[in-house]
2 protein chains.
Amino acid sequence: MTELGQKLPKPVAMPTRPRSAGCAAADCAACEVRSLTFCAGLKPEEMGRLAAIVTRLNLAARQMLFHEGDSAEFVYNVTHGAVKLYKLLPDGRRQITGFLLAGDFLGLAGKDGYSYSAETISPVELCRFPRRKLDQLFVVFPGLEHQLLGLATDELVAAQDQMLLLGRRTAAEKVASFLLRLSERGKVRGQPGNPVQLPMTRGDIADYLGLTIETVSRTLSQMRRDQLIRQRSLTEIELTAVERLADLAQG
Amino acid sequence: MTELGQKLPKPVAMPTRPRSAGCAAADCAACEVRSLTFCAGLKPEEMGRLAAIVTRLNLAARQMLFHEGDSAEFVYNVTHGAVKLYKLLPDGRRQITGFLLAGDFLGLAGKDGYSYSAETISPVELCRFPRRKLDQLFVVFPGLEHQLLGLATDELVAAQDQMLLLGRRTAAEKVASFLLRLSERGKVRGQPGNPVQLPMTRGDIADYLGLTIETVSRTLSQMRRDQLIRQRSLTEIELTAVERLADLAQG
DNA sequence: AAGGTGATTTGATGCAAGTCATGGTCGGCA
DNA sequence: TGCCGACCATGACTTGCATCAAATCACCTT
């Protein structure tokens with residue numbers, strides 16, 4: 001088990017970002033990640049109605065967006081930074097169910113409120129939509145709900161992949177899969193994709209892969225010895241043998 | 001690792017069920033499980049349009065509905081029997097991502113086709129809808145897509161629960177959770193909920209919980225010794241101490 | 001009733017990953 | 001500049017679950 005994140009919500013100074021990218025009410029047209037969100041492919045009129053209900057948020061690292069069980073009043077789009085979603089057992093064991101990067105969506109919830117807690121990893125910028133008002137827009141613009149169903153379906157596919165990983169892959173396969181997936185996600189966002197950025201801690205990675213910190217650390221060390229990766233820094237890993245890494249990931 | 005299901009698709013004689021419950025074109029109004037499906041709460045006109053595109057299927061046990069990667073041309077509602085969904089690794093390791101019972105929905109897929117294989121466990125009756133025609137109905141009846149988003153959200157919540165189980169629970173906690181969940185699902189369907197029915201094999205349970213057959217068997221034996229359960233038969237388990245079982249499940 | 005076959009249970013043993021303990025590294029701050 | 005605390009790496013050991021190997025059970029078929 002690892003630290004719980006809630007501990008030490010050290011109030012970090014929140015730098016006001018000068019750049020205004022994202023779904024700001026006045027600026028959705030300039031949003032860099034729009035094509036990845038449910039804001040993609042909307043008509044100008046629909047965009048305007050969306051912009052009218054959105055609130056832009058800036059959060060420092062290690063801030064809670066909401067806790068598991070909270071009534072689900074908002075949905076969010078991440079426009080900058082990284083967020084982790086997790087569930088806890090009463091004794092503190094933690095499972096991270098996802099890492100969100102720029103362009104990712106969160107907030108779908110059943111009748112029991114949010115099914116996970118959400119906490120920022122780095123300073124984050126978000127678009128926040130009141131669920132109630134979004135539901136009203138669905139009636140006028142069914143295409144919006146269609147987009148959302150598409151996102152939910154993608155999430156479901158990813159969740160099933162993660163079940164296969166958690167239930168049936170070995171530690172080395174888990175870590176290799178994780179690095180490759182992060183690399184792919186970088187590419188989709190127009191980033192290099194090869195020196196992979198790891199905004200999360202080893203503890204977060206462990207709780208995402210169903211391992212311990214020590215096993216993650218040892219596995220990365222072994223990959224370094226096997227020349228599969230090179231560690232430029234703690235948060236930056238170069239994949240030096242993507243092909244062999246992919247073989248390893250598949251068993 | 002366990003048997004793969006594909007082996008021995010022994011052609012079982014398919015009994016033609018006399019009863020015509022389910023979403024048969026002529027009989028959606030009498031469907032026993034409608035309230036659990038996206039057919040719930042539709043207006044008569046919408047029901048009629050749905051009934052016009054549905055095909056009723058009867059399948060024997062151990063039949064494939066489709067394979068992972070197949071192009072996703074249909075979605076299904078299970079009206080009788082049990083279905084398992086699973087993903088395979090190249091070396092044969094298997095993760096079952098879900099068991100479907102009467103009233104459950106399957107077939108949501110991203111652009112790469114179905115993300116899992118689907119195989120019947122027992123004789124099964126299904127309603128099959130062509131995805132293309134369903135999409136056309138969405139344009140006319142947005143409420144249908146709304147229902148579907150609700151179902152997808154519920155599935156997502158369940159998937160996150162399963163990640164917590166696979167990544168962080170012990171073998172005993174996994175089996176206890178599994179039995180309690182099956183009991184709850186029985187209740188929702190108006191069944192007793194206490195002698196729990198297990199239509200799947202020990203191997204299926206193992207591949208669902210990320211364990212081996214032997215560990216599942218040993219864990220059930222231990223629960224029997226601890227008077228937590230009583231085994232009426234291989235497929236029927238009585239929960240004799242639901243409270244203690246729930247404590248065990250939560251760690 | 002006998003025999004065959006697959007599914008389940010049980011026991012013995014091994015190993016992958018967890019736990020415990022220690023030391024190193026890095027960044028922030030007085 | 002040097003202390004401090006969080007994070008990370010690594011060695012020693014422990015253990016939960018997997019693996020391997022039989023035995024038993026459930027159920028068909030003849």
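Between Gln197(B) and Arg185(B), the side chains place no donor N or O within less than 3.5 Å of an acceptor N or O (distance only, hydrogens not considered). In this model, no donor atom of one side chain and acceptor atom of the other lie less than 3.5 Å apart for Glu119(A) and Gln63(A). Between the side chains of Ser71(A) and Glu73(A), at least one donor-acceptor pair of N or O atoms lies under 3.5 Å. Side-chain contact, Gln160(B) with Ser115(A): a donor N or O sits under 3.5 Å from an acceptor N or O.
Salt-bridge check for Arg244(B) with Asp226(B): failed, with every basic side-chain N at 4.0 Å or more from each acidic carboxylate O.
Closest contact between the side chain of Thr212(B) and the listed nucleotides dA7(C), dA9(D), dA18(D) involves dA18(D). Among the nucleotides dT9(C), dA7(C), dT10(D), the one closest to the side chain of Ile213(B) is dT9(C).
One can place CD1 of Ile237(A) at 9 Å from P of dA9(D), the figure rounded to the nearest angstrom. When rounded to the nearest whole Å, the span between CZ of Arg224(A) and C1' of dA9(D) equals 8 Å. For the pair Arg169(B) CZ and dG16(D) C1', the interatomic distance rounds to 17 Å; values are reported in whole Å. What separates CE of Met223(A) from P of dA9(D) is a distance of 13 Å, to the nearest Å. The distance between atom CZ of Arg93(B) and atom C1' of dC17(D), rounded to the nearest whole Å, is 15 Å. Between the C1' atom of dG11(C) and the CD atom of Gln222(B) lies a distance of 14 Å, rounded to the nearest Å. Remark: P of dC20(D) and CD of Glu214(B) are 10 Å apart, rounded to the nearest angstrom. Nucleotide dC17(D) holds its P atom 13 Å from the CZ atom of Arg168(A), rounded to whole Å.
The 5' end of DNA chain C is approached more closely, in terms of each residue's nearest nucleotide, by Ser217(B) than by the other of Ala171(A) and Ser217(B). Both Val216(B) and Leu234(A) sit near DNA chain C, but only Val216(B) has its closest nucleotide nearer the 5' end.
Counting atom types as modelled, Arg218(A) pairs a side-chain N or O with a base atom of dG11(D) as donor and acceptor under 3.5 Å. Side-chain to base pairing of Gln231(A) with dC8(D): no donor and acceptor N or O lie closer than 3.5 Å to each other. A donor N or O paired with an acceptor N or O is not found under 3.5 Å between the base of dT10(C) and the side-chain atoms of Arg202(B).
For the OP1/OP2 pair of dA18(D) and a distance below 4.0 Å, the side-chain nitrogens and oxygens of Thr215(B) include at least one atom meeting the criterion.
Across all strands, Ser233(B) comes closer than 4.0 Å to no nucleic acid atom at all (heavy-atom distances).
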